[in-house]
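Notes for the one structure printed next.
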Amino acid sequence: MDKVYDHKKVEERIYAEWEKNGYFKPEVNPDGRSYSIILPPPNANAPLHFGHAMYVIEDILIRYQRMKGAAALWLPGADHAGFETQFVFEKHLANEGKSRFDYDRETLYQMIWDFVQENRGGMESQLRKLGFSLDWSRMKFTLDPDIISIVYRTFRRLYDDGLVYRAKRLVNYCTYDGTSFSDLEVVYEERKNPLYYIKYGPLTLATTRPETKFGDTAVAVHPDDKRYKKYIGQEIEIKTVLGKAKIKVIADDSVDPEFGTGVVKITPAHDFNDFEVGQRHNLKIRQVIGFDGKMNEHAGKFAGLYVKQARKAVVEEMQKKGLIEKIDDNYIHRIGLCYKCKNVIEPLPREQWFVKMEPLARPAIDAVRKGKIEVHPKSFEKIYFQFLENIRDWNISRQIVWGIRIPAWFCEKCLNWTVTDGITPEKCLKCESKTIAQDPDTFDTWFSSAQWPFATLLTQSSSKSKIKNQKSKIENSLDYERFYPTTVMETGYDILRWWVARMVIVGIYATGKVPFENVVLHGLVKDPYGKKMSKSKGNVVNPIEVVEQYGADAVRFALVYGTALGNDQALSYAKLQGMRNFTNKLWNIGRFIEMNRVSSIQYRVSSIEELKKIAKRKNDKEWVAKVDELTNQLTNNLDNYQFNLAAERLYEFIWHEFADKYIEDVKIRIDKDSYLILTTLYLILLRLLHPFMPFITEELCRKLGAKDSIMVSSWPAK
RNA sequence: GGGCUCAUAGCUCAGUUGGUUAGAGCGUUACAUUGACAUUGUAAAGGUCAGAGGUUCGACUCCUCUUGAGCCCACCA
C-alpha cells in the first residue's frame, strides 16, 4: 500500500465497477422494503454548482438504507430549466449576430433542443465524480415525451375540474419587437423624466405618465394620510382633456405619503404596482395602449398616436386647459428597457392561465399538520404553512418557446377554449369551427416539475404497464406501485415554496397521495468569505475542481461535518484539508493493519455479537463495546437526519479513539487475537463510514482482502 | 413594510426533549518523532455562550425586549 492515500488512483475505477455491477439499482435487494428518493433534477445543460454537491445527503441516506437491506432507489433526472436555458441560448445566438426573431417557433425550439443535447452529459458525469449512487438506468428528462403527456393530462384534469381559468396579468412587452420579456431580459436604467403635477378635481397628483390617465380606474392615498381622509371612498369629479369624468378615491398602504402630493393615480393595465392595487380593490383593468404601442379608442382624439407622441400631445392639451399645476424637470427614476432594442418596456395586460390554489392548498397544509409529511428541520414548517395559508392563484403561462406548450386551442369564432391531453384537435369543441389556434405560451417550469415525483415513477420503461397516450386514465407502473410515495425529498431550503410546496399540492391532487413522506432541507454553500456564490459576482467555485484536489470523500465529508442540517456554510479550504487528512489517517490505519497482517487469520467475522464472544482480554472487550455503542449512535443519528453529528462522531472516534488509543495499545502486545479483533472492528468502522466516504472505504476493504464490494455488505446494526 | 434565520474560543462551526467541570477543526504555544501516518503524536493556553429582563430547584437551551448580521417576499407612481 502507498504511504499516502491517492484518491486519483481509486475513485473513477471504483465508480465504474459499481455501475457495471448494477449496485445502484434497487434490484440488488429484491426483497427489501422500498426506500426512494428522487434527485432534484439539475439544469440539463449547465455545470453543477456547489449546492448540488449537498445532494451528498441523499447519497448518504440511500447507501445507508441499501446496506440495511432496503430496495433503495435514487432516481436521477435533468431539467430543461425553461427560460434560464432559453436566455443562455439567446446570448449564444447574439454572439453570432442572430436573435430569436430570426427563426420561427419550431426552428427555435429545435435549435435549443440541439444546443441542450450538445451540452448534456456534463452534469451527469459530475454527479458520478461525487460518488452518487444514482440508478442511471431510470434517468428522466423533463421534456421526455411521456413526462410531457403526464403534464398535459394534469392540466386537462385541472381544467375539467374548474380549477384553471384565464385572467389578465401584466407582462413586460416590447412594442417594437412585438414580444414579451422575462424579468431577466429587462434592463433597468436611470433616466431623468419630467414629473407632472396634474389636477384631478380637488386633488393634485404627480405622475411621469400622463398619457396613461385614460386607463385610470381610481386614485389612491395612504389610509393614515390626514390631508385626504375625507375623500377616501368617495367619487370625485374631475376635469380631463376629454371632458368631465368621475373617479373613485381609495386608500392603500402601498402609497407613500411623502412622494409627490401623496396622491397616486391607479392605472391597473399599465403599471405593475397599480395592477396589484387594482387586484386588492377589485378595480377594472382598462387598457389604453395596444400591443402595437399606439393609444387605442379609450384615448379619444389621441387614439392612434404612439405613446411618446401621445404624452406630448396630452401634456400640451392639459397645459392649455390649466390642468397642470407644475412640472418637476429634475426627477430621476429607474425605467425598464428591452435588453435587445433598448426601447422602453411597456407593461401590458395579457390573458394567461391561472390555477386556483386555495382549494388545492388545504390538503397540502393538512398533510404536514397531520404528520403524513415530516419536515426536517422542523423549523421550516413555518415557511411552508405561511406560504400555503396566504397562497395566491398561480400563473402558469410563460411567454417562451423552450418548455411544454400549453395544450389549449382558442376558437376565433365562438371565443371558447378547447383543452386536450396534448392531441391537436381538428375543430373547436363548442362550435365545431375549424378556425382554432393553439396558445403560443408554455407552462411555467415549476408547473411540470411539481409533478416530478409521480411522473418519473409512472414513466419507467422497466414497468409492466406503460402509459397509454390516448386515454386520460393513468395506468400505474411497477415502479410507481413500489416507490410512490417516495420516502424523502431532499433539497435546498431556498426552493421550499416554489418547488416543495407545489409538489405536495399537485402530487396530492393528481395521485391522491402525498408525493413524499419526509422533506429534508439543506442550507446554502457560500464562498469562503460567507457571500452567496453568483456568476455576476464571479465567486463561483466549481465543486469538481475541489473534488479533484481533495478527493470526493473529503469533499463529501466536509459538507456534512460541522454544519447542522438546514444551516448555511461557507466553503472552507482549511476544513477540506482537514478532511483530506482524515482520509489519509484512515488509509494509514489500513496500511498498519495490512503490514502486520497474520496470514493464518481469515478476516471473516463481521457481526459485533460474534466479536463479543471472541474477545477475551478486558481491553479488547471494552473496544468491542465502544464500537457497538458507536454503531447504535450512528444508526440513531442517521434515522434522525443528524448527519453532522454522525460525521463528527465518526471522525472523533476513528482518529482519536481507535487510532490514537486502541492501536497504540494493541501495538505493544502484538498477538493474534488482538489483531483479529482490531481488524474486524476496523472493517465495521469502514462500513459505518461508507455512506459518507464511499470510495476510500471500498478500496480499503479490498486491500484487506474482502471479496465482495462494501456496497453489498450489511449495516452493522439493525 | 411583512416574514425567516443567525449571534458560543483568534477564525469556521457543533451542542438530541433545559441537568454536574460548554465541545471539534483550523490557528497559537511547548515538547516528541527516521517507528501505519509530518496530511503525525503528547500536552497547554483560550469562552461572564451578543446585551437586558423573565419562567424554573436549575437556562447556551424556553419566553419578552434591545442591538448587530444575513436571507426571502412585497414595493419605489
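What you see is a predicted model; the values in this text were computed from it and never measured. Scope of the values below: all heavy atoms of this structure, side chains included, with no hydrogens, waters or symmetry mates. Throughout, protein chains are lettered first and strands after them, A, B, ... in sequence-line order, and every chain is numbered starting at 1.
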Counting side-chain heavy atoms from CB outward, which of B:rA36, B:rU16, B:rG15 is closest to A:Leu645? B:rG15
Out of B:rA36, B:rG41, B:rU5, minimum distance to the side chain of A:Asp660 belongs to B:rG41
Compare side-chain N and O positions of A:Lys532 against OP1 and OP2 of B:rC72 and report whether any pair is under 4.0 Å apart. yes
Report yes if some heavy atom in the side chain of A:Lys585 is under 4.5 Å from a heavy atom in the side chain of A:Ile654; otherwise report no. no
Classify the side chain of A:Glu664 versus the base of B:rA36 as yes if they form a donor-acceptor pair under 3.5 Å and no if they do not. yes
When you check the phosphate oxygens OP1 and OP2 of B:rA36, does a side-chain N or O of A:Lys585 lie under 4.0 Å from one of them? no
Going by side chain to side chain contact (heavy atoms under 4.5 Å, CB included), A:Val221 matches just one of A:Thr261, A:Ile250, A:Ile232. Which one? A:Ile232
For A:Lys382, report the nucleic acid contact type (base, sugar-phosphate, nothing); a contact means any heavy atom under 4.0 Å. sugar-phosphate
Kindly say whether, by distance alone, the side chain of A:Lys3 makes a donor-acceptor pair under 3.5 Å with the base of B:rA36? no
Quick check on B:rG2: is either OP1 or OP2 less than 4.0 Å from any side-chain nitrogen or oxygen of A:Asn390? no
Counting primed atoms plus P, OP1 and OP2 as sugar-phosphate and everything else as base, spell out the protein contacts along nucleotides 25-31 of chain B at 4.0 Å heavy-atom distance: B, S or - for each nucleotide, 5' to 3'. SS-----
Salt bridge (Lys or Arg N to Asp or Glu O under 4.0 Å) contacts in which one or both residues fall within residues 649-663 of chain A, not counting sequence neighbours: A:Lys626-A:Glu657, A:Glu657-A:Lys661
Given atom CG of A:Asp568 and atom P of B:rA7, what is their separation to the nearest angstrom? 12 Å
In Å and rounded to the nearest 0.5 Å, what is the OG1 to CG distance from A:Thr631 to A:Leu688? 4.5 Å
Taking Watson-Crick and G-U wobble pairs with both distances under 3.5 Å, convert RNA chain B into its dot-bracket string, 5' to 3', dots for unpaired and | for cross-strand pairs. (((((((..((((.....[...)))).(((((.......))))).....(((((..]....))))))))))))....
